[in-house]
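What you see below is based on every heavy atom in this structure, not just the backbone, and it leaves out hydrogens, waters and symmetry mates.
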Number of protein chains: 2
Amino acid sequence: MALRHAVLAALLDGEYSGYQLAKVFDIGVANFWHALPQQLYLELAKLEKEGMVAGRQVIQETRPNKRLFKVTAEGLAELTRWAASAAKPSFIRDDLMVKVQAADRIPAGPVLEQLDERVRVADAKIEVLAKLLARLRGELDEDAFLREGEHVGPYLTCLRGLRFEREHRDWCVLAASVLRAREVACTPAT
Amino acid sequence: MALRHAVLAALLDGEYSGYQLAKVFDIGVANFWHALPQQLYLELAKLEKEGMVAGRQVIQETRPNKRLFKVTAEGLAELTRWAASAAKPSFIRDDLMVKVQAADRIPAGPVLEQLDERVRVADAKIEVLAKLLARLRGELDEDAFLREGEHVGPYLTCLRGLRFEREHRDWCVLAASVLRAREVACTPAT
DNA sequence: ATTCTCATGTAACCGGTTACATGATTCT
DNA sequence: AGAATCATGTAACCGGTTACATGAGAAT
């Protein structure tokens with residue numbers, strides 16, 4: 001049951017509405033925990049009822065009103081307790097890798113297209129993350145920020161996200177080129 | 001609903017019993033799809049009822065009897081159909097990264113221990129995967145195998161697993177050292 | 001003796017995904 | 001006029017996890 005803790009960890013950054021939290025999850029938090037907006041609204045409601053987060057209404061004139069949430073002392077205590085308990089091993093779940101596993105026994109064409117598409121998506125994400133990291137570290141360079149900067153937590157997780165995406169990208173490129181070379185080798189010119 | 005397809009993809013390698021499949025999932029397939037033995041027995045039963053896999057009883061004298069499964073023509077057709085449909089984006093879900101995200105606001109000690117433990121686990125997995133890859137490629141070197149070898153699918157997915165574990169390991173080492181340096185900096189000698 | 005490996009399942013529960021639902025404002 | 005953004009939820013379903021259950025032979 002880590003979604004609640006991912007929400008608490010994300011809210012340590014500052015106050016967010018459900019809508020803003022969904023945005024944050026999409027870029028920063030998605031590197032280690034993926035969640036849909038509906039889940040977040042539900043989880044925020046639960047956490048508020050349990051006193052882990054406190055919401056306050058913000059009246060807006062040009063936009064619909066919203067509720068901003070922040071972590072309470074009790075929420076921080078819960079997060080601390082949970083952080084000290086054993087973490088489950090992480091795992092990847094990736095449809096496309098299932099397809100690559102089978103790619104030498106089934107038509108490779110559609111899989112190749114999906115690999116190419118993944119490369120494009122990964123490139124876009126790499127760019128977004130690189131910019132986010134630059135913003136987080138401000139004027140400091142990376143080493144200095146990791147030594148002295150505030151909020152290294154989010155920086156470290158984004159760094160992992162960036163490395164993951166790069167690695168993912170490179171692998172997709174490799175897999176596609178390997179499968180393409182073999183396809184050509186098996187398909188004599190007509 | 002990719003578990004069934006992960007099972008089909010894994011069974012392309014040859015015939016496996018539920019028990020053997022669980023082993024295969026633990027080393028090779030776990031790189032892209034994690035599943036517990038119970039799930040596999042259940043999924044095999046479903047797939048058999050639908051005619052996607054065919055089981056045959058093997059009577060053993062020194063060991064309990066077992067049932068070996070292989071993919072049917074219909075199973076292969078289903079896998080082909082599915083492989084051509086759009087893949088969902090992959091995502092990581094990792095408790096420990098949630099903890100790192102919060103590590104500069106909560107006690108870092110327990111998180112550091114878990115990072116160290118992850119490094120040990122990752123090292124072990126890297127070794128296992130390196131050996132598995134060597135076994136898969138046989139006498140060929142990597143380039144030659146990727147060009148001419150059989151079953152590049154499983155090789156490619158294991159390669160991704162290996163790279164993932166290496167990257168994961170390196171990040172854990174970095175994160176731990178960064179957090180340790182800051183802990184020391186914040187905790188003046190007594 | 002005890003632990004490990006081989007071998008196969010069932011049942012309850014819960015977290016996550018999909019689908020549904022609404023409505024105002026700003027931008028193109 | 002239509003699309004995108006801001007803003008917040010409910011409800012059904014299903015896949016995955018946890019817990020439960022059994023039993024024999026091989027290895028230490």
Side-chain angles (χ1 to χ4, degrees), chain A residues 1-7 15-27 29-30 32-50 53 55-69 82 85-95 98, chain B residues 1-7 15-27 29-30 32-50 53 55-69 82 85-95 98:
Chain A
M1 202 188 355
L3 173 59
R4 61 191 312 104
H5 301 109
V7 169
E15 282 185 316
Y16 291 110
S17 69
Y19 187 81
Q20 290 171 311
L21 191 61
K23 298 274 172 189
V24 169
F25 257 70
D26 225 30
I27 42 171
V29 182
F32 54 90
W33 206 271
H34 167 258
L36 299 162
Q38 302 98 297
Q39 278 178 275
L40 298 177
Y41 283 112
L42 197 65
E43 200 61 49
L44 282 171
K46 280 190 212 162
L47 284 168
E48 192 182 23
K49 207 162 66 182
E50 295 170 39
V53 302
R56 84 185 156 87
Q57 183 91 8
V58 173
I59 282 93
Q60 297 182 123
E61 269 151 39
T62 91
R63 291 284 181 194
N65 297 340
K66 60 182 174 183
R67 302 194 64 221
L68 295 183
F69 296 91
W82 174 77
S85 71
K88 295 176 192 167
S90 73
F91 51 85
I92 313 178
R93 273 213 169 124
D94 192 338
D95 278 11
V98 178
Chain B
M1 201 186 2
L3 173 59
R4 62 191 311 106
H5 302 109
V7 169
E15 281 184 317
Y16 291 109
S17 67
Y19 187 82
Q20 291 171 311
L21 190 61
K23 300 273 171 190
V24 169
F25 257 70
D26 225 31
I27 42 170
V29 181
F32 54 89
W33 206 272
H34 167 258
L36 299 162
Q38 302 98 297
Q39 276 177 278
L40 299 176
Y41 283 112
L42 196 66
E43 200 61 48
L44 282 172
K46 281 190 211 163
L47 285 168
E48 191 182 23
K49 206 162 67 182
E50 295 170 38
V53 302
R56 85 186 155 86
Q57 183 91 8
V58 174
I59 282 93
Q60 297 183 120
E61 272 150 37
T62 92
R63 291 284 180 192
N65 296 339
K66 60 182 174 183
R67 303 193 63 222
L68 294 181
F69 296 91
W82 174 77
S85 71
K88 295 174 193 169
S90 73
F91 52 85
I92 314 179
R93 274 214 169 124
D94 191 338
D95 277 13
V98 178

Task: salt bridge (charged side-chain N to carboxylate O under 4.0 Å, His left out) partners for B/Arg93, two or more places apart - done: none
Got a list of side-chain donor-acceptor pairs under 3.5 Å for residues 34-44 of chain A, not counting sequence neighbours?
residue : atom : partner : partner atom : Å
A/Gln39 : OE1  : A/Leu36 : N            : 3.1
A/Tyr41 : OH   : A/Tyr19 : N            : 3.3
A/Glu43 : OE2  : A/Arg4  : NH1          : 3.0

TODO: To the nearest Å, give me how far apart CG (B/Leu21) and C1' (C/dT8) are.
DONE: 13 Å
Open item on the list: Rounded to whole Å, please give me the gap between CG in B/Leu40 and P in C/dT8.
Closed with: 11 Å
Task: Separation between CZ of B/Phe32 and CZ of B/Phe25, rounded to the nearest 0.5 Å - done: 7.0 Å
Open item on the list: A side-chain contact here means heavy atoms from C-beta on lying under 4.5 Å apart; do B/Thr62 and B/Gln60 qualify?
Closed with: no
- [ ] Could you check which of C/dA7, D/dG16, C/dT17 has an atom nearest any side-chain atom of A/His34?
- [x] C/dT17
- [ ] Measure from CD on A/Glu15 to P on D/dA7 and round the result to the nearest Å.
- [x] 14 Å
Task: Pairwise distance CZ(B/Phe91) to CG(A/Asp94) - rounded to 0.5 angstrom - done: 9.5 Å
Open item on the list: For a quick test of reading the model: is some side-chain N or O of B/Tyr19 closer than 4.0 Å to OP1 or OP2 of C/dC6?
Closed with: yes
- [ ] Return the value, rounded to whole Å, for the distance between atom CZ of B/Arg93 and atom P of D/dG15.
- [x] 16 Å
Open item on the list: What contact category does B/Lys46 fall into here, base, sugar-phosphate, or nothing, at under 4.0 angstrom with non-hydrogen atoms?
Closed with: nothing
Open item on the list: For A/Ala87 versus B/Asp95, what's the shortest heavy-atom pair and its separation?
Closed with: CB-CB, 3.9 Å
Task: Protein-to-nucleotide contact annotation, 5' to 3' order, nucleotides 21-28 of chain C [B base; S sugar-phosphate only; - none; under 4.0 Å, heavy atom] - done: --B-BS--
Task: OP1 or OP2 of D/dT17 under 4.0 Å from side-chain N/O of B/Gln39 - done: yes
- [ ] Give a yes/no on whether any side-chain N or O of B/Lys23 is located under 4.0 angstrom from OP1 or OP2 of C/dC6.
- [x] yes
Task: Interatomic distance, B/Asn65 CG vs C/dT8 P [rounded to whole Å] - done: 9 Å
Task: d(NZ, B/Lys66; P, D/dT22) in whole Å - done: 25 Å
Open item on the list: Taking the nucleotide of DNA chain C with the nearest heavy atom to each, does B/Phe91 or B/Leu68 sit closer to the 5' end?
Closed with: B/Leu68
Open item on the list: Reading DNA chain D from 5' onward, which residue's closest nucleotide shows up sooner: B/Met1 or A/Lys88?
Closed with: B/Met1
Open item on the list: Counting only side-chain nitrogens and oxygens, does B/Ser17 get under 4.0 Å of the OP1 or OP2 atom of C/dT8?
Closed with: yes
Task: Minimum side-chain heavy-atom gap A/Leu68-A/Gln20 below 4.5 Å - done: yes
Task: Test item: B/Phe69 and B/Leu47 side chains (from C-beta on) under 4.5 Å apart, heavy atoms - done: no
Open item on the list: Rounded to whole Å, how long is the line connecting atom CD of A/Gln57 with atom C1' of D/dT8?
Closed with: 11 Å
Task: Rounded to 10 degrees, the angle between the two terminal axes of the helix from C/dA1-D/dT28 to C/dT28-D/dA1, each from five pairs - done: 50°
Task: By side-chain contact (heavy atoms from CB on, under 4.5 Å) - contacts of B/Asp26 (at least two apart) - done: none
Task: Touch class at under 4.0 angstrom, heavy-atom based, for B/Arg4 against every strand present - done: nothing
Task: Distance, rounded to the nearest Å, where A/Leu3 contributes CG and C/dG15 contributes C1' - done: 9 Å
So which protein nitrogen or oxygen atoms get under 3.5 Å of nucleotides 9-12 of chain C's nitrogens or oxygens?
none

Task: Under 4.0 angstrom between B/Gln20 side-chain N/O and C/dC6 OP1 or OP2 - done: no
Open item on the list: Within the structure provided, determine whether A/Trp33 and A/Val7 are in side-chain contact (heavy-atom separation under 4.5 Å).
Closed with: no
